[in-house]
Amino acid sequence: MSTTGVPIAALSPYRAEHVRRHGVAGEARDVRVVHELDGITAPVTADRLAQVGAALWQAHRDLPDHTPPDLLFGLDAGGIPPTLAVAAASGLPYQLAWKLDLELPNKAVFHEPHARRVEVFSYAAVAGLRVVPVDDEVTTGSTLANLTAVLRAAGAVVTDALCLVEDRTAAGRAVLAGIGVRLCALTTL
């Protein structure tokens, strides 16, 4: 059983696929990973959200030398559903990065290099906290590496990152390992 009462064994394989994007220019990727929690190809039930969150949290807890974080940190748009799901399963608080440039304390900017809008903003006070970034998918690892640099510069300890889908068409896991971040993924493509 998970911390939410949802049996982990009940999680059927997590579905994800590559889908071609139209109208992509510049450095934005022309392929996108579409997955279950996107809610793009089918409705997402509360039970499935709970199952996925419990499974991803359990996978993180099963890592060698697991140390519970103080805070989950999700990324704008695609990272919101998995962050909420893991927060519900773990009982941990979360904060989110947004593509909104607001006049708020603790503002830090990082970049999502392959997106149409590359600037992302963090407003979290993270000094002295163990923070685990959460995103829906990791391909190149650039966004999470950039976020990790911003969180560490603000005094956070970042050693792990969670994602629903690791897209192995690029070296995201190696990029993160190179900066001392273990990637925990629910599934791979």
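Please read all numbers here as calculations on a predicted model, not as lab measurements. Along the sequence shown, residues are numbered consecutively beginning with 1.
Cluster membership check: Val44 shares its hydrophobic cluster with Ile80, using side-chain heavy-atom separations under 4.5 Å among Ile, Leu, Val, Met, Phe, Trp and Tyr. Cluster annotation: Val131 and Leu56 are assigned to distinct hydrophobic clusters (Ile/Leu/Val/Met/Phe/Trp/Tyr, side-chain heavy-atom contacts under 4.5 Å, transitive). Linking Ile, Leu, Val, Met, Phe, Trp and Tyr residues whenever their side-chain heavy atoms come within less than 4.5 Å places Leu100 and Val109 in a single cluster.
The distance from atom CG of Leu162 to atom CG of Asp135, rounded to the nearest 0.5 Å, is 10.5 Å. Rounded to the nearest 0.5 angstrom, Leu104 CG and Lys107 NZ are separated by 8.0 Å. Atoms CD and CG, from Glu36 and Asp38 in turn, are 10.0 Å apart once rounded to the nearest 0.5 Å. Atom OG of Ser122 and atom CG of Leu75 lie 9.5 Å apart (nearest 0.5 Å). Note that CG of Leu164 and CZ of Arg15 are 12.5 Å apart. Values are rounded to the nearest 0.5 Å.
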Please determine whether side chain to side chain donor-acceptor pair (under 3.5 Å) holds for the pair Gln58 and Asp62, giving the CA-CA distance in whole Å, both sets of side-chain angles, and the decisive distance to 0.1 Å. CA-CA 6 Å; Gln58 186 62 51; Asp62 289 345; 2.8 Å; yes

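Contact between Val138 and Gly172 at its shortest, heavy atoms only, is CG1-CA, 4.2 Å. Considering all non-hydrogen atoms of both residues, Asn106 and Ala125 come closest at ND2-CB, 3.6 Å. Residues Gly74 and Thr83 share a closest heavy-atom pair of CA-OG1, 3.1 Å. Heavy atoms only, all atoms of each residue included: Val120 and Ala97 are closest at CG1-CB, 3.6 Å.
In this structure, the side-chain contact (heavy atoms from CB on, under 4.5 Å) partners of Gln95, at least two apart in sequence or on a different chain, are Leu71, Phe73, Ala124. With sequence neighbours excluded, the residues that form a side-chain contact (heavy atoms from CB on, under 4.5 Å) with Ala87 are Leu72, Tyr94.
A salt bridge links Glu112 to Lys99: at least one charged side-chain nitrogen sits closer than 4.0 Å to a carboxylate oxygen.
Of the possible polar contacts, none joining the Tyr123 side chain to the Glu103 backbone as a donor-acceptor pair under 3.5 Å is found.
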In residues 145-156, what donor-acceptor pairs under 3.5 Å come from side-chain atoms, sequence neighbours left out?
| from | atom 1 | to | atom 2 | distance (Å) |
| --- | --- | --- | --- | --- |
| Asn146 | ND2 | His111 | O | 2.8 |
| Asn146 | ND2 | Ser142 | O | 3.3 |
| Thr148 | OG1 | Leu144 | O | 2.7 |
| Arg152 | NE | Val158 | O | 3.4 |
| Arg152 | NH1 | Ile179 | O | 2.7 |
| Arg152 | NH2 | Val158 | O | 2.6 |
| Arg152 | NH2 | Ile179 | O | 3.1 |

Between side-chain atoms of residues 182-189 and protein atoms elsewhere (two or more places apart, or another chain), which donor-acceptor pairs fall under 3.5 Å?
| from | atom 1 | to | atom 2 | distance (Å) |
| --- | --- | --- | --- | --- |
| Arg182 | NE | Asp160 | OD1 | 2.7 |
| Arg182 | NH1 | Pro64 | O | 2.5 |
| Arg182 | NH2 | Pro64 | O | 3.4 |
| Arg182 | NH2 | Asp160 | OD1 | 3.2 |
| Arg182 | NH2 | Asp160 | OD2 | 3.2 |

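Listed by first then second residue, pairs satisfying side chain to side chain donor-acceptor pair (under 3.5 Å) with a partner in residues 162-181 read His18-Asp167, Thr139-Asp167, Glu166-Arg173, Asp167-Thr169, not counting sequence neighbours. Applying the side chain to side chain donor-acceptor pair (under 3.5 Å) test to residues at least two apart or on different chains, the pairs with a partner in residues 64-77 are His60-His66.
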